[in-house]
Student: 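Structure incoming, see below.
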Amino acid sequence: MASGSFTEKRPPQPVVRWNGRWAKCLDGRIFILAASIVDVELIVSGAEQLPFAMKELSQQVQEGLPPSIALMNISLHRNSSGRKLVRLALAGSGSGEVELCSKWHQAQQRLGLRELRRGPRLLGTWQILRLRDTSGKEHREMLTELMSLHSEVETGFLLDLPSQWIGAFPGSQVELRQRPGSFWFEFSTMCGGSVLESVIVHGKDPKVVHLLVHFNESESARDIFELLHGRYLYNPNDEEDTFPVNCQLGRFNDLRNHVDHLSASREGPRFELRRLSKDATMPRVIQVQRRITLGRDEEMADVVLPKAHISKAHAILELDPGGHLSLQDTSINGTWVNDRRVAHGIKIELLPFDHVAFLPTAHPAYKDALVYEVCSSTHISPPAKTATARRPSATASSTSRTPVHAEEDVRILNARLRQRPRSSSRSHLAEPVGVEKKRRVVRGVVQIEDESSAGEDIVRWAQHLDGGSLVEYIPKLTELFTSVNQIKERYSGKLNDFYEHVQVTDEDHRLAFASALRALSK
């Protein structure tokens with residue numbers, strides 16, 4: 001039996017009791033730590049220097065901490081060439097702990113960039129970034145926003161655990177089914193609710209195993225996700241002390257397929273998104289081998305795109321077991337595929353050579369929009385001629401544009417996020433400029449057919465208002481109205497009603513809409 005193993009059966013008390021930053025779980029056999037987290041940027045000259053640089057960084061941090069604050073964990077959070085994001089977990093005792101951590105953080109920031117040396121040899125440099133309190137209000141607000149991206153039907157929960165906490169798997173088994181009375185089954189139920197299935201599965205990394213739980217109701221899956229996300233697990237019987245929580249919430253079958261893919265020896269299909277725009281601060285290549293989130297907030301996104309108009313969790317890319325890549329928009333300002341805006345919360349399938357943009361590239365105000373091109377494993381290094389095989393872009397001139405059939409250009413899958421109720425039965429996909437759409441459902445797939453517009457297109461109208469600054473209202477406008485003519489008839493002389501219904505609170509935006517509505521009435 002490995003040190004710190006939890007495989008033996010021992011009926012614990014499925015209760016969580018908080019005391020400050022610590023939660024005592026299952027009769028004290030495991031603890032949850034809501035630490036103060038500090039992000040550090042670490043720059044090393046080569047990968048071989050990283051272990052030594054991490055050790056030296058740990059020593060420097062511990063030497064500078066106040067006596068009542070302890071460094072509970074140091075881990076590599078993001079690993080890109082040269083620059084690394086290292087995460088520190090701090091915890092202490094006493095009522096002044098938060099203030100002490102804050103003062104230490106401010107003092108470290110004032111010191112700026114510092115060196116890490118091993119004797120005379122320079123290992124790298126480091127500097128303190130931000131401080132977050134996972135027991136505070138900011139963490140709860142982040143969780144609320146994160147949970148809004150998940151569906152009510154998601155009853156699956158996936159948690160990574162150190163393999164040394166589990167012990168050896170009998171024989172050639174690759175999974176251990178957990179039964180009532182076993183530790184990890186009771187761990188799964190500590191927030192209440194009934195568990196249909198709980199299993200521990202081997203992964204590719206021999207140091208990590210995966211706890212996969214199927215709950216009877218989504219509320220239980222959400223409760224344990226909210227309890228653990230962004231925090232740490234502490235095993236008092238293990239020498240490694242703390243382990244950063246990495247957990248996922250989703251449909252059980254999707255998580256099961258994801259785990260099976262991780263434990264498989266062979267590599268599945270692979271997709272990449274390659275940056276076409278010139279902004280060198282953005283990732284050049286985004287690799288997709290599972291479900292990943294794109295966004296500007298590193299706590300909510302797997303791939304960080306630090307631009308102001310990009311949401312904290314902007315879009316989800318997911319590669320299913322069948323090798324199909326899908327995109328799901330979760331943003332406020334929108335995502336465009338081949339110059340067509342994707343409806344919020346709807347999955348669409350991505351194909352090789354599709355262009356994914358985070359601003360409407362067809363608009364003259366957004367010539368520098370962030371754009372990526374989809375490449376599959378069979379097109380990772382395509383010859384130059386392959387570019388001619390792309391489908392015609394919506395930005396091409398109207399005289400040379402080839403008609404695009406709906407089944408070629410719009411691929412919407414049956415999956416949506418939890419959304420506010422819609423007041424209209426309007427299509428869930430914002431239309432290309434100058435074309436009105438209607439939905440036709442065939443075999444669970446929503447297809448789009450062209451039809452002449454009875455009035456001026458709402459999307460085109462909104463995109464041209466005030467130099468494109470009002471595009472964020474397109475989802476609300478298309479939700480409420482079927483044509484610009486309908487807006488004119490309903491709100492002529494009733495600006496305040498329009499502001500209330502469309503939820504326009506910004507004064508500059510109100511002035512822009514007022515000018516547009518006056519122009520419509522004339």
Side-chain angles (χ1 to χ4, degrees), residues 6-7 9-18 23-27 29-32 34 140 142-161 165-166 174-203 208-233 243 245-263 290-291 293 300 313 316 318 320-321 328 330 345 347 414-419:
F6 289 116
T7 51
K9 290 188 178 181
R10 172 182 162 192
Q13 298 179 2
V15 176
V16 179
R17 295 187 178 93
W18 282 98
K24 182 180 180 181
C25 307
L26 305 176
D27 202 23
R29 298 185 66 203
I30 197 165
F31 292 79
I32 301 169
R140 291 193 295 271
M142 182 271 292
L143 277 176
T144 300
E145 188 171 356
L146 186 60
M147 297 309 296
S148 70
L149 303 177
H150 288 274
S151 166
E152 297 283 2
V153 300
E154 294 177 335
T155 56
F157 175 74
L158 183 63
L159 173 68
D160 290 352
L161 295 169
W165 289 9
I166 306 302
V174 295
E175 64 179 51
L176 293 174
R177 194 163 298 278
Q178 304 299 294
R179 304 192 182 280
S182 65
F183 177 82
W184 291 109
F185 188 95
E186 301 303 332
F187 177 89
S188 306
T189 63
M190 65 183 178
C191 291
S194 59
V195 171
L196 301 176
E197 183 179 358
S198 178
V199 61
I200 294 175
V201 185
H202 262 312
V208 176
V209 295
H210 312 288
L211 174 65
L212 177 62
V213 186
H214 188 191
F215 289 94
N216 190 44
E217 58 283 314
S218 63
E219 185 177 354
S220 300
R222 297 167 73 88
D223 286 345
I224 194 169
F225 180 85
E226 290 183 21
L227 175 67
L228 296 175
H229 180 77
R231 291 171 171 168
Y232 291 77
L233 291 176
F243 185 75
V245 169
N246 179 26
C247 60
Q248 294 183 46
L249 179 66
R251 291 177 174 82
F252 176 75
N253 289 336
D254 292 343
L255 294 178
R256 174 87 248 192
N257 291 332
H258 174 57
V259 168
D260 290 343
H261 175 72
L262 289 177
S263 59
R290 56 182 179 86
R291 176 188 171 104
T293 301
M300 301 181 69
I316 296 170
E318 185 171 8
D320 68 21
Q328 189 173 31
T330 58
K347 279 187 180 180
N414 261 355
R416 71 173 58 212
L417 300 174
R418 190 172 46 161
Q419 302 181 54

Student: Tell me, please, which residues at least two apart from F185 pass ring-ring contact (aromatic ring centres under 6.0 Å, His included).
Tutor: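 Partners of F185 under the ring-ring contact (aromatic ring centres under 6.0 Å, His included) test: none.
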Student: Contact between L249 and M147 at the side-chain level, heavy atoms closer than 4.5 Å - yes or no?
Tutor: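 Yes, their side chains come closer than 4.5 Å.
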Student: With sequence neighbours left out, write down each residue that passes salt bridge (Lys or Arg N to Asp or Glu O under 4.0 Å) with R140, or none if nothing qualifies.
Tutor: none
Student: Please name all residues satisfying side chain to side chain donor-acceptor pair (under 3.5 Å) with N216, sequence neighbours left out, ordered by chain then number.
Tutor: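 Once residues adjacent in sequence are excluded, N216 has no partner under the side chain to side chain donor-acceptor pair (under 3.5 Å) criterion.
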Student: State, to 0.1 Å, how close L146 and H150 come at their nearest heavy-atom pair, and which atoms those are.
Tutor: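 Shortest heavy-atom contact: O-CD2, 3.3 Å.
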Student: So do H210 and D160 actually touch side chain to side chain, heavy atoms under 4.5 Å?
Tutor: yes
Student: Taking only residues two or more places apart in sequence, or in another chain, which ones meet E175 in a salt bridge (Lys or Arg N to Asp or Glu O under 4.0 Å)?
Tutor: R177, R256
Student: Run the side chain to side chain contact (heavy atoms under 4.5 Å, CB included) test against Q248 and tell me which residues pass, sequence neighbours left out.
Tutor: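 So Q248 forms a side chain to side chain contact (heavy atoms under 4.5 Å, CB included) with L158, L255, H258.
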Student: Side chains of residues 223-230: which donor-acceptor pairs under 3.5 Å do they make with residues two or more places apart or in other chains?
Tutor:
none

Student: Quick one: does M300's side chain get under 4.5 Å of M142's, heavy atoms only?
Tutor: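 They are in contact (side-chain heavy atoms under 4.5 Å apart), so the answer is yes.
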Student: If every non-hydrogen atom of G156 is compared with every non-hydrogen atom of A221, which pair is closest and at what distance?
Tutor: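 Shortest heavy-atom separation between G156 and A221 comes out as O-CB, 4.1 Å.
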Student: Considering only heavy atoms from C-beta outward, does the side chain of I166 approach that of L211 to under 4.5 Å?
Tutor: no
Student: Side chains of M190 and I30: does their closest heavy-atom pair fall under 4.5 Å?
Tutor: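 No, too far: nothing below the 4.5 Å cut-off.
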Student: Would a 4.5 Å heavy-atom cut-off, applied to side chains only, mark L196 and F215 as touching?
Tutor: no
Student: So, the side chain of Q178 versus the backbone of V199: is there a donor-acceptor pair under 3.5 Å, distance only?
Tutor: no
Student: If the condition is side chain to side chain donor-acceptor pair (under 3.5 Å), which residues does T293 pass it with, not counting sequence neighbours?
Tutor: none
Student: Under the salt bridge (Lys or Arg N to Asp or Glu O under 4.0 Å) test, which residues partner E154, sequence neighbours left out?
Tutor: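 Expected list: none.
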Student: How close do S218 and T155 get, counting heavy atoms only, and between which atoms?
Tutor: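 Taking S218 first and T155 second, the nearest heavy atoms are N-CG2, 3.6 Å.
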Student: Give a yes or no on whether E217 atom CD has more than 12 heavy-atom contacts from other residues, nucleotides or ligands under 6.0 Å away.
Tutor: yes
Student: Starting from the C-alpha separation in whole Å, work towards a yes-or-no answer on side-chain contact (heavy atoms from CB on, under 4.5 Å) for D320 and N257.
Tutor: CA-CA 8 Å; D320 68 21; N257 291 332; over 6 Å; no
Student: Would you please name every residue forming a ring-ring contact (aromatic ring centres under 6.0 Å, His included) with F187, sequence neighbours left out?
Tutor: W184
Student: Do you know the tightest heavy-atom contact between T330 and A313?
Tutor: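 Nearest pair, atom of T330 first, then A313: OG1-O, 2.7 Å.
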Student: Mind listing the closest non-hydrogen atom pair of G192 and S220 along with its distance?
Tutor: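 Heavy atoms of G192 and S220 come nearest at O-OG, 3.5 Å.
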